[in-house]
Amino acid sequence: MKVVAAYLLAKLGGNENPSVADLKKVFESVGAEIDQEKIDLFFSLIKDHDVTELIAIGREKMAALSSGGPAVAVASGGGGGAAPATEPAAAEAKKKEEEKEESEDDGGMMSLFD
C-alpha cells in the first residue's frame with residue numbers, strides 16, 4: 001500500500017512516469033522503510049499499463065461489489081406492549097463489546113499502511 005501511495009504522490013507531483021528512484025525519494029522524505037521487493041513487484045505489475053486505466057478498472061470492480069445496506073430491525077410486540085427488559089441489557093452489552101473492539105483495532109487504520 002505504501003508503494004502505491006508513493007507512486008501516486010509522485011504522479012500527482014507532476015512526474016508522469018515515476019521510477020524506482022522517485023519512489024525511494026518519497027519514502028526517504030517521510031522516513032519510511034524502503035522494501036525493494038515490494039517496489040519491484042509493483043513495477044512488474046504495472047508495466048505496460050496506464051495507472052489511470054488501472055484505477056478505472058478497479059472502480060468498476062468495486063462498484064460491482066454489494067455494499068450491503070443497514071439492517072432494519074422490526075419489533076413485533078402484539079398490541080403495543082413494551083419490549084422485554086432483556087433487550088436493553090443486550091443492546092448495552094453489544095455496545096460495550098463494540099467499543100472494546102474499536103479500542104483494540106490498533107489505532108484505526110494505521111495498520112493499513114504496513
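Not measured: the values here are computed from a predicted model. Sequence positions, counted from 1, serve as the residue numbers for this chain. Computed from heavy atoms alone, side chains included, the values below leave out hydrogens, waters and symmetry copies.
Between Leu9 atom CG and Lys25 atom NZ the span is 15.0 Å, to the nearest 0.5 Å. Distance check, rounded to the nearest 0.5 Å: NZ of Lys2 to CD1 of Ile34 gives 9.5 Å.
Contact check for Ile55 versus Leu8: side-chain heavy atoms found under the 4.5 Å cut-off. Side-chain contact between Met62 and Leu65 is present, with heavy atoms from C-beta onward closer than 4.5 Å. Between Asp35 and Val3 there is no side-chain heavy-atom pair separated by less than 4.5 Å.
Closest of all the heavy-atom pairs between Phe43 and Ser19 is CZ-C, 3.6 Å. Of all heavy-atom pairs spanning Lys11 and Glu16, the tightest one is NZ-O, 2.9 Å.
Taking hydrophobic clusters as Ile, Leu, Val, Met, Phe, Trp and Tyr residues chained together by side-chain heavy-atom distances below 4.5 Å, Ile46 shares a cluster with Phe27. In the hydrophobic clustering of ILVMFWY residues, with side-chain heavy atoms under 4.5 Å counting as a link, Phe42 and Ile57 come out apart. Note: the hydrophobic cluster containing Leu41 does not contain Val20 (ILVMFWY, side chain heavy atoms under 4.5 Å, direct or indirect links). With hydrophobic clusters built from ILVMFWY side chains whose heavy atoms lie under 4.5 angstrom apart, Ile39 shares a cluster with Tyr7.
Enclosure of atom CD in Glu37 is not indicated, since only 12 or fewer non-hydrogen atoms of other residues, nucleotides or ligands lie within 6.0 angstrom.
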